[in-house]
Amino acid sequence: DITHVRRLERVRQDFVANVSHELKTPLAAIKATVETLLDGAIDDPEHNVKFLGRVHENAERLHFLVQDLLTLSRIESGEERLATGPLLIAPVIESCVSRQEHRALAKQLRLVQIAPAEPLAALADEEALSQILDNLVDNAIKYTPAEGEITLRWYADGSWVVLQVADTGVGIPEKDLGRVFERFYRVDKARSRELGGTGLGLSIVKHLVQALGGSIQATSQLGVGSTFTVKLPLAEASLPVEV
Ligand SMILES: Nc1ncnc2c1ncn2[C@@H]1O[C@H](COP(=O)(O)OP(=O)(O)O)[C@@H](O)[C@H]1O
Ligand SMILES: [Mg+2]
């Protein structure tokens, strides 16, 4: 009906406004910095490298933003081809951990795995699950102060595989908890930007989880930590034989 159509149009307009704003900030920084260099700062050996560093940093931000936007639009349009089949969880967790380990170590964060006694498989796409885990662990690392702990736990529950990423980080206020999966929603915009975030990670995660027929939910306690729980369909039999 009409109100539904109007609401969708409103959501679309908000999205375009948000994207424009997110693009504008780093672009303005690049433009101003390059102008300063052209105005003579390029010959100032004390500052020219610092200015170039600022250009690079903002170009990186634009790069990640466009990359996340493309990922989101691919998933939303249903173009993303998912090769869904029985997928052993442990190796996917293992490779996620090896990708993120150095960043956790740099912050003296412990990465703990709690695996089930028996190997467990979900009906999922490996690349999608990797992307889900990478985003959740990336957030856990970013939003947990040094010397904290990040726990990756997975187990079977009825016909579901439950995957949890828990941290001992800053936590999310109750009022924001329901909104963190929205595009560009951040509890603390300045902080997210400073940490290199685009505000799109969790909406990408949510779309991927739903495309796999699963669900995601977050719980948190301010100053204590957050837990993201993903449920995916359990692959009952037909585990891949070759390992
Ligand atoms: N593990 C976490 N601990 C605390 N806050 C979190 C955590 N994960 C996500 N958030 C909050 O949710 C927001 C949205 O997350 P996300 O979509 O991944 O964006 P980004 O990480 O780029 O800021 C973050 O800006 C942050 O405020
Ligand atoms: Mg993120």
Side-chain angles (χ1 to χ4, degrees), residues 11 14-15 18-19 21-26 57-76 93 96-97 99-101 103-104 106-114 128-154 163-211 215-230:
V11 167
D14 286 353
F15 182 61
N18 275 327
V19 171
H21 181 75
E22 296 293 332
L23 291 169
K24 197 175 153 187
T25 313
E57 192 183 298
N58 281 285
E60 281 280 275
R61 251 180 76 189
L62 285 174
H63 169 81
F64 285 121
L65 183 59
V66 170
Q67 197 168 291
D68 277 359
L69 284 168
L70 287 172
T71 302
L72 199 58
S73 96
R74 231 182 24 246
I75 304 167
E76 283 192 326
I93 299 261
C96 169
V97 166
R99 277 191 300 275
Q100 309 262 7
E101 220 162 24
R103 292 182 50 226
K107 272 185 91 175
Q108 286 159 285
L109 298 171
R110 294 211 307 140
L111 272 178
V112 181
Q113 294 182 42
I114 305 179
L129 182 56
S130 299
Q131 207 169 353
I132 290 165
L133 290 169
D134 279 347
N135 268 297
L136 294 177
V137 173
D138 175 70
N139 282 344
I141 292 173
K142 283 198 305 193
Y143 301 111
T144 302
E147 292 174 11
E149 192 165 289
I150 295 162
T151 308
L152 291 152
R153 180 167 177 237
W154 65 105
L163 293 126
Q164 283 181 323
V165 179
D167 64 54
T168 59
V170 294
I172 301 166
E174 178 83 46
K175 66 171 172 48
D176 299 301
L177 206 50
R179 303 197 59 189
V180 290
F181 296 100
E182 293 174 19
R183 300 180 290 199
F184 294 121
Y185 193 86
R186 295 124 149 171
V187 176
D188 182 338
K189 260 199 160 67
R191 179 195 202 124
S192 157
R193 285 219 190 91
E194 207 174 288
L195 295 168
T198 62
L200 293 173
L202 284 180
S203 58
I204 289 174
V205 166
K206 187 170 186 179
H207 274 96
L208 284 171
V209 169
Q210 286 174 346
S215 63
I216 181 162
Q217 176 207 318
T219 58
S220 186
Q221 215 178 322
L222 214 51
V224 177
S226 310
T227 301
F228 287 81
T229 303
V230 173

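Order of appearance sets the numbers: ligands from 1, and atoms from 1 within every ligand. We count residues from 1, following the sequence as given.
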- Message: Using 2.8 Å as the threshold, say whether any N, O or S atom from Asn139 sits that close to the Mg ion (ligand 2).
- Response: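 It does; at least one qualifying atom falls short of 2.8 Å.
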
- Query: Among all residues two or more places apart in sequence or in another chain, which pass the salt bridge (charged side-chain N to carboxylate O under 4.0 Å, His left out) test with Asp176?
  - Reply: none

- Please state whether Ile172 comes within less than 4.0 angstrom of ligand 1, counting heavy atoms only.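 Yes.
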
- Could you tell me whether Glu76 atom CD has more than 12 heavy atoms of other residues or ligands within 6.0 Å of it?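 Enclosed.
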
- By number and element, which atoms of ligand 1 are closer than 4.0 Å to a non-hydrogen atom of Gly171?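 Taking each heavy atom of Gly171 in turn, ligand 1 has 4 (C) under 4.0 Å.
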
- Shortest non-hydrogen separation from Leu222 to Pro173 and the atoms involved: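 That closest heavy-atom pairing would be CD1-N, 3.6 Å.
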
- Gly201 N/O to ligand 1 N/O under 3.5 Å: yes

- Message: Tell me the nearest of Tyr143, Phe184, Phe228, Phe181 to atom 4 (C) of ligand 1, using heavy-atom distances.
- Response: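 It is Tyr143 that holds the nearest heavy atom.
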
- Which one of Leu222, Leu202, Thr227 has a non-hydrogen atom at the shortest distance from atom 16 (P) of ligand 1? Leu202

- Item | Within reach of ligand 1, part of Lys142 (heavy-atom separation under 4.0 Å) |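 Side chain only; the backbone of Lys142 stays clear of ligand 1.
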
- Verdict with reasoning, Thr229 to Gln164, per side-chain hydrogen bond (donor to acceptor under 3.5 Å, both in side chains): CA-CA 5 Å; Thr229 303; Gln164 283 181 323; 3.1 Å; yes

- May I ask you to identify, for Tyr185, whether its side chain, its backbone, both or neither come under 4.0 Å of ligand 1 on a heavy-atom basis? backbone

- Query: Do any heavy atoms of Gly199 fall under 4.0 Å from ligand 1?
  - Reply: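 Yes, Gly199 has heavy atoms under 4.0 Å from ligand 1.
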
- Under 3.5 Å: donor-acceptor pair, side chain of Asn135, backbone of Val205: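 Not a single qualifying donor-acceptor pair exists.
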
- Neighbour count above 12 (heavy atom, 6.0 Å) for Arg110 CZ: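 No, the 6.0 Å shell around CZ holds no more than 12 heavy atoms from other groups.
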
- Message: I want to know if ligand 1 touches Ser192 in the polar sense, i.e. an N/O pair below 3.5 angstrom.
- Response: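 Such a contact does occur with ligand 1.
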
- Message: Within ligand 1, which atoms have a heavy atom of Thr198 less than 4.0 Å away?
- Response: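 Counting atoms of ligand 1 from 1, those under 4.0 Å from Thr198 are 22 (O).
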
- Task: For Val170 and Pro145, work out which heavy atoms get closest and say how close.
- Result: N-CD, 4.3 Å

- Given that the side chain starts at C-beta and the backbone is N, CA, C, O, which of these parts of Asp167 lies under 4.0 Å from ligand 1, counting heavy atoms, or is it both or neither? side chain

- ligand 1-proximal atoms of Val187, by part, heavy-atom distance under 4.0 Å: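 Both backbone and side chain.
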
- Query: Which heavy atom of the protein is the closest neighbour of atom 12 (O) of ligand 1, given with residue, atom name and distance?
  - Reply: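 Of the protein heavy atoms, Val180 CG1, 3.4 Å lies nearest.
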
